[in-house]
Amino acid sequence: MSRSRTIYVGNLPGGVRERDVEDVFYKYGRIIEVDLKIPTRPPGFAFVEFEDAKDAEDAVRGRDGYDFDGHRLRVEVAHGGARGGRDGGGGGRYENVLLPPLWTPPKTPYCSPLDT
């Protein structure tokens, strides 16, 4: 099983931008993507994907508990399936949602008028 290259960053202040998140983590390695989520009521959160899983682990060790603009960051390895990207897989936001089937068979067996 491969190690995750994506980290979760929680407890972000409301006015944060993707560039601000990149500035906090760029020293740990090449960043592929920052997916910033700012709800109507802070705190916000982000997923940061690194090119290398070791860089992601180093970022967790180096920045968990970091004081960012008066907010103590919560940084951990992201859990869940792969998000889209070069390593394949990934269905994005709805990857793990269980959807009902498009068609369900009838509860009673169907009998054709020709069968009688």
Side-chain angles (χ1 to χ4, degrees):
M1 181 175 208
S2 65
R3 300 178 307 179
S4 178
R5 300 179 310 169
T6 304
I7 61 172
Y8 164 84
V9 183
N11 202 31
L12 291 169
V16 71
R17 300 171 311 205
E18 283 186 18
R19 182 68 197 167
D20 299 327
V21 176
E22 289 174 359
D23 287 347
V24 171
F25 292 100
Y26 80 93
K27 78 177 208 169
Y28 294 100
R30 184 161 181 265
I31 295 172
I32 302 298
E33 180 183 13
V34 174
D35 185 11
L36 182 61
K37 308 291 186 184
I38 301 295
T40 54
R41 291 178 40 188
F45 63 96
F47 293 97
V48 179
E49 181 182 2
F50 287 90
E51 187 173 66
D52 187 281
K54 174 132 178 31
D55 296 338
E57 292 167 1
D58 291 343
V60 169
R61 278 192 295 277
R63 289 296 191 225
D64 188 35
Y66 178 76
D67 184 331
F68 180 72
D69 196 28
H71 292 77
R72 186 170 179 222
L73 295 184
R74 178 176 170 202
V75 182
E76 58 189 51
V77 173
H79 302 287
R83 302 180 64 224
R86 291 185 297 181
D87 58 350
R93 169 186 275 169
Y94 301 107
E95 179 177 6
N96 295 324
V97 175
L98 181 61
L99 298 175
L102 296 176
W103 178 83
T104 55
K107 302 265 186 224
T108 57
Y110 175 75
C111 295
S112 168
L114 300 175
D115 290 342
T116 55

Side chains of residues 11-21: which donor-acceptor pairs under 3.5 Å do they make with residues two or more places apart or in other chains?
unit_1: N11; atom_1: ND2; unit_2: R72; atom_2: O; d: 2.8
unit_1: R17; atom_1: NH2; unit_2: D20; atom_2: OD1; d: 3.1
unit_1: R19; atom_1: NE; unit_2: D23; atom_2: OD1; d: 3.3
unit_1: R19; atom_1: NH1; unit_2: E22; atom_2: OE1; d: 3.2
unit_1: R19; atom_1: NH2; unit_2: D23; atom_2: OD1; d: 3.3
unit_1: D20; atom_1: OD2; unit_2: R17; atom_2: N; d: 2.9

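Of the possible donor and acceptor atoms, one in the side chain of D64 sits under 3.5 Å from a partner among the backbone N and O of V75.
Note that the CD atom of E57 and the CD1 atom of I7 stand 11.0 Å from one another [nearest 0.5 Å]. Atom CZ of F25 is separated from atom CD1 of I31 by 8.0 Å, given to the nearest 0.5 angstrom.
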Pair I32-R30, side-chain contact (heavy atoms from CB on, under 4.5 Å): steps then yes or no: CA-CA 6 Å; I32 302 298; R30 184 161 181 265; 3.5 Å; yes
Test log, rule side-chain contact (heavy atoms from CB on, under 4.5 Å), inputs V48 and T6: CA-CA 5 Å; V48 179; T6 304; over 6 Å; no
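By the salt bridge (charged side-chain N to carboxylate O under 4.0 Å, His left out) test, D58 is found to be paired with K54, R61, residues two or more places apart in sequence or in another chain being considered. Partners of K27 by side chain to side chain contact (heavy atoms under 4.5 Å, CB included), not counting sequence neighbours, listed by chain and number: R63.
Taking the six-membered ring where the residue is Trp, F45 and F47 present perpendicular rings, their angle passing 60° and hence far from 30°.
Between V24 and F68, some side-chain heavy-atom pair lies under the 4.5 Å cut-off.
Nearest heavy atoms, F50 versus A56: CD1-CA, 3.7 Å. Taking each heavy atom of S4 and A53 in turn, the nearest pair found is O-CB, 3.5 Å.
E51 and R5 are not joined by a salt bridge, as no carboxylate oxygen comes within less than 4.0 angstrom of a charged side-chain nitrogen.
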